[in-house]
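Below, all heavy atoms of this structure are taken into account, side chains as well, without hydrogens, waters or symmetry copies. Just so it is clear: chains get the letters A, B, ... in the order the sequence lines come, proteins before strands, and each one is counted from 1.
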2 protein chains.
Amino acid sequence: MQRPTIKTIAQETGLSIATVSKALKHSPQVRPETRAIVIEAAERVGYELNMHGVQLRTGKTYQVAAIMTAPGPKQNEWEGVEYAQLLSGISWALEDSPYRVSLYAVRNFEESQAIIKQIVSLKKADGIIISGTRADDPRIRTMQAADFPFVTYGTSVHNAPHAYVDADNEQMIRVSMARLVERGHRRIALLNPLSDLSYGITRFESYRRALEVAGLPFDPALVAHGRLTPAFGRENVLTMSDLSNPPTAYICANEASALGAFSGFHERGLVHGRDAVINATDDLNVSQYFAPPITTYYLPISEPSSLLGTYILRRMEGEPPEALQTLLMPKLIERCDDRLTPKR
Amino acid sequence: MQRPTIKTIAQETGLSIATVSKALKHSPQVRPETRAIVIEAAERVGYELNMHGVQLRTGKTYQVAAIMTAPGPKQNEWEGVEYAQLLSGISWALEDSPYRVSLYAVRNFEESQAIIKQIVSLKKADGIIISGTRADDPRIRTMQAADFPFVTYGTSVHNAPHAYVDADNEQMIRVSMARLVERGHRRIALLNPLSDLSYGITRFESYRRALEVAGLPFDPALVAHGRLTPAFGRENVLTMSDLSNPPTAYICANEASALGAFSGFHERGLVHGRDAVINATDDLNVSQYFAPPITTYYLPISEPSSLLGTYILRRMEGEPPEALQTLLMPKLIERCDDRLTPKR
DNA sequence: ATGGACGATAAAAACGTTTAACTTCGTTGT
DNA sequence: ACAACGAAGTTAAACGTTTTTATCGTCCAT
């Protein structure tokens, strides 16, 4: 038995395939009674739309390309693990649509640039979702130049307005800094993402402004930029704690670097809460299991990811990008007082 | 300017589209000189194969469905994070092929079953990769009944032979147990995955056999089955350490539960290496950052994931499943002596 | 010379859908 | 009474491939 097509239904009902096609997509050109007959026949024979025919005819792919930057296979560091949840969130948001998530794993920025050019020029997808945006992101320019629907996880600074979802890094750092200063900290370290990433810049600028507001000096030795692995967190704690005037607080940009920071504490014999404290941003709800649990800004990854999904759908429907911009404020979860208990 | 098709090349060269098509796919029916002309013209006009035409004509989708079971969006526990690396590994393995990874995120086993039936019956992909296999897995039966190419991450017990990749859980537990027994442990806890998962059963059976070999009694109170979240690790340490005769070693099935176990240690005031030790399986190389670092069996996730990719390719080419079965032995990384230092 | 085989290319059909253009027929307005 | 119109369908073309079948020389054996 062959799989039924609209032709099958046409024969079954005595109508033409054109009418069947129109009936199935609720065209006003076909009478309700006729449509009912078609629907009935379709169900009876177990008809399912064959996307290949549609794709060839319409040129639409019904694919949303998710570009995932992950370090190469040799790189066995704990990085980018939140992508799993991100992808599933996007996938669920598209669940009731005809769109599917098509995965493009790339190793670095250049590759993502090349892939995006290819997707855009060869129309390998109808929409693109990217992350790891830069302040001035050439990929965004590529997609905008081709008028190609896309949503970014992360903002950009110098690009024309586009659809995005991001955590409110500016506010997060501002609040975080004020809270630490209020608790007596004067030397606060910032473990930041790579400095070409947009949110790295946002966080850094917010940090500097917060220092100014608090009347504290800026010390470049207390700021590190890098790939947010545990190794990064560990190494920076090791070097910064060796300073003559070491930090009493570390703000880590994610849970991986926070874990690494703990490892550095352990190595140096530092006690959390006595010698210094660690605060982090966490979207996997994992830092509650650290020993001790730490204060975090928690943004469940499911929120931005489902937004990314719905935004790309709406963007592909033609909604203007300005209407599809959201900054989400992570929730402060205070698991520590974060005041240092004086050594005695 | 329209995108060039084989028709464009046909006009350009004065040949028919049939000849062009054959030339491009290296059919022996076309003369080398003719082929050269076609290739030249194709490059000159910038021709790229339009997959939609191919798909409609041949019925092939050039999609590999990756079924990813992740807890629902409400469930904000750290679980399944290794999927990110797994997916990128698969994606890279398919890079030089015309195949793409199409992501299907599901919330539970039943959903994955439904999705697979759909993919198989509606030919929404040419191959499927699943994980979380059960001892007797109905999804495997579905795919085998339809003679549909697939590879599993994880073995099965009662199903007909199929392509799979897995860690050698039997050996891993056997070696792990022998090592702990040798170091004086008599009460060894097993924090195991859900008992309907194939590797949960493998691990459990290996555990029981190892106890027998060592002449140790089996105590059901020392075995827990569950979703491998940090919460699971934590809770089991809390309850097991309250036993009148608590375990002196915990074998955790992944890094998430090991992290949770540490959290339980912290809560109960247990010191790693004095009161008990934690060993774990780790495929993200993260447990080296625990405080203290623990002994783990490390299998870089890139290995199984790239194998999954190449296996599904070979399976789709018609290679028999028996040739596509691999158990990978994780590498023991001893970061602790794991002998208890006696309290004094 | 004739017929057959073969090698190289062309013609045409097919995959399943959408959609522009056309037909048919009943209704409406004048 | 008749043109104009609208509603509801139909016809046919098109999307870009692959593949079966047909065509046309050319070469070779008879």
Side-chain angles (χ1 to χ4, degrees), chain A residues 1-42 45-63 98-100 121-126, chain B residues 1-42 45-63 98-100 121-126:
Chain A
M1 253 295 289
Q2 284 297 352
R3 176 173 166 183
T5 71
I6 53 172
K7 206 168 173 179
T8 318
I9 302 180
Q11 287 165 348
E12 202 77 11
T13 57
L15 293 162
S16 76
I17 61 165
T19 312
V20 173
S21 172
K22 286 173 187 160
L24 288 173
K25 44 188 351 222
H26 294 165
S27 155
Q29 287 183 42
V30 41
R31 265 196 326 198
E33 304 96 76
T34 315
R35 171 173 313 139
I37 294 172
V38 171
I39 303 282
E40 189 275 329
V45 301
Y47 170 77
E48 288 269 355
L49 182 62
N50 183 326
M51 288 312 256
H52 294 334
V54 180
Q55 288 166 344
L56 177 57
R57 172 63 221 226
T58 64
K60 292 193 65 173
T61 66
Y62 291 100
Q63 306 258 347
Y99 292 91
R100 291 291 109 217
S121 71
L122 298 178
K123 277 235 186 298
K124 292 189 156 215
D126 299 332
Chain B
M1 253 296 286
Q2 284 296 352
R3 177 173 164 182
T5 71
I6 53 173
K7 206 168 174 179
T8 318
I9 302 181
Q11 286 166 350
E12 203 77 10
T13 57
L15 293 162
S16 75
I17 62 165
T19 310
V20 173
S21 171
K22 286 173 187 159
L24 288 174
K25 43 188 352 223
H26 292 162
S27 157
Q29 290 183 41
V30 41
R31 265 195 329 196
E33 305 94 78
T34 315
R35 172 172 312 140
I37 295 172
V38 171
I39 302 282
E40 189 276 328
V45 301
Y47 170 77
E48 288 269 355
L49 182 61
N50 182 326
M51 288 311 254
H52 294 332
V54 180
Q55 288 167 343
L56 178 57
R57 172 65 220 222
T58 64
K60 290 194 68 174
T61 65
Y62 291 99
Q63 306 259 346
Y99 292 91
R100 291 289 110 217
S121 70
L122 298 178
K123 277 234 188 299
K124 293 190 155 211
D126 299 332

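- For the pair A/Thr34 and D/dG9, the criterion of a side-chain N or O lying under 4.0 Å from OP1 or OP2 is met.
- The distance from atom CD1 of A/Ile6 to atom C1' of D/dA12 is 13 Å, rounded to the nearest whole Å.
- One interatomic measurement links the two molecules: CD1 of B/Ile9 to P of C/dA10, which rounds to 14 Å at whole-angstrom precision.
- Counting to the nearest Å, the P atom of D/dG16 and the CE atom of B/Met51 are 15 Å from each other.
- With distances taken from any side-chain atom of A/Val54 to the nucleotides C/dC15, C/dT17, D/dG9, the minimum falls on C/dT17.
- Put simply, the side chain of B/Gln63 does not reach to within 4.5 Å of the side chain of B/Lys124, judged on heavy atoms.
- Using a 4.0 Å heavy-atom distance criterion, B/Glu48 is classed as a sugar-phosphate-only contact.
- Residues from residues 15-28 of chain B placing a heavy atom under 4.0 Å of any atom in DNA chain C, listed by number, are B/Leu15, B/Ser16, B/Ala18, B/Thr19, B/Lys22.
- Using a 4.5 Å heavy-atom threshold, the side chains of B/Met51 and A/Thr61 count as separate.
- Of all heavy-atom pairs between B/Lys22 and B/Gln29, the closest is NZ-OE1, 3.5 Å.
- Checked by atom type and distance alone, the side chain of A/Arg35 never pairs as donor or acceptor with a backbone atom of A/Pro28 at under 3.5 Å.
- One distance of note links CD1 of B/Ile39 with OG1 of B/Thr34; it measures 11.0 Å at 0.5 Å rounding.
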Name each donor-acceptor pair under 3.5 Å that joins a side chain in residues 11-20 of chain A to protein atoms two or more places apart or in another chain, with its distance.
unit_1	atom_1	unit_2	atom_2	d
A/Glu12	OE2	A/Arg44	NH1	2.8
A/Thr13	OG1	A/Ile9	O	2.8
A/Thr13	OG1	A/Ala10	O	3.4
A/Thr13	OG1	A/Leu15	N	3.3
A/Ser16	OG	A/Ala18	N	3.4
A/Ser16	OG	A/Thr19	N	3.3
A/Ser16	OG	A/Thr19	OG1	3.0

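- By the side chain to side chain donor-acceptor pair (under 3.5 Å) test, A/Lys123 pairs with no residue at all, sequence neighbours left out.
- In terms of phosphate contacts, A/Arg31 brings no side-chain nitrogen or oxygen within less than 4.0 Å of OP1 or OP2 of D/dA7.
- For the pair A/Lys7 NZ and D/dA12 P, the interatomic distance rounds to 14 Å; values are reported in whole Å.
- Atom P of nucleotide C/dC15 and atom CG of A/Leu56 are separated by 14 Å, given to the nearest angstrom.
- Distances were taken from every side-chain heavy atom of B/Arg57 (C-beta onward) to each of C/dG16, C/dT18, C/dA14; the shortest belongs to C/dA14.
- Place B/Gly53 and A/Thr58 on DNA chain C by their nearest nucleotides, and B/Gly53 ends up nearer the 5' end.
- Rounded to a whole Å, the NE2 atom of B/His52 is 11 Å from the P atom of D/dT17.
- Using a 4.0 Å cut-off, some side-chain N or O of A/Tyr47 falls inside it from OP1 or OP2 of C/dT17.
- Computed from coordinates, the A/Glu33 CD to D/dA8 P distance equals 8 Å when rounded to whole Å.
- Atom CD of A/Gln29 is separated from atom P of C/dT24 by 18 Å (rounded to the nearest Å).
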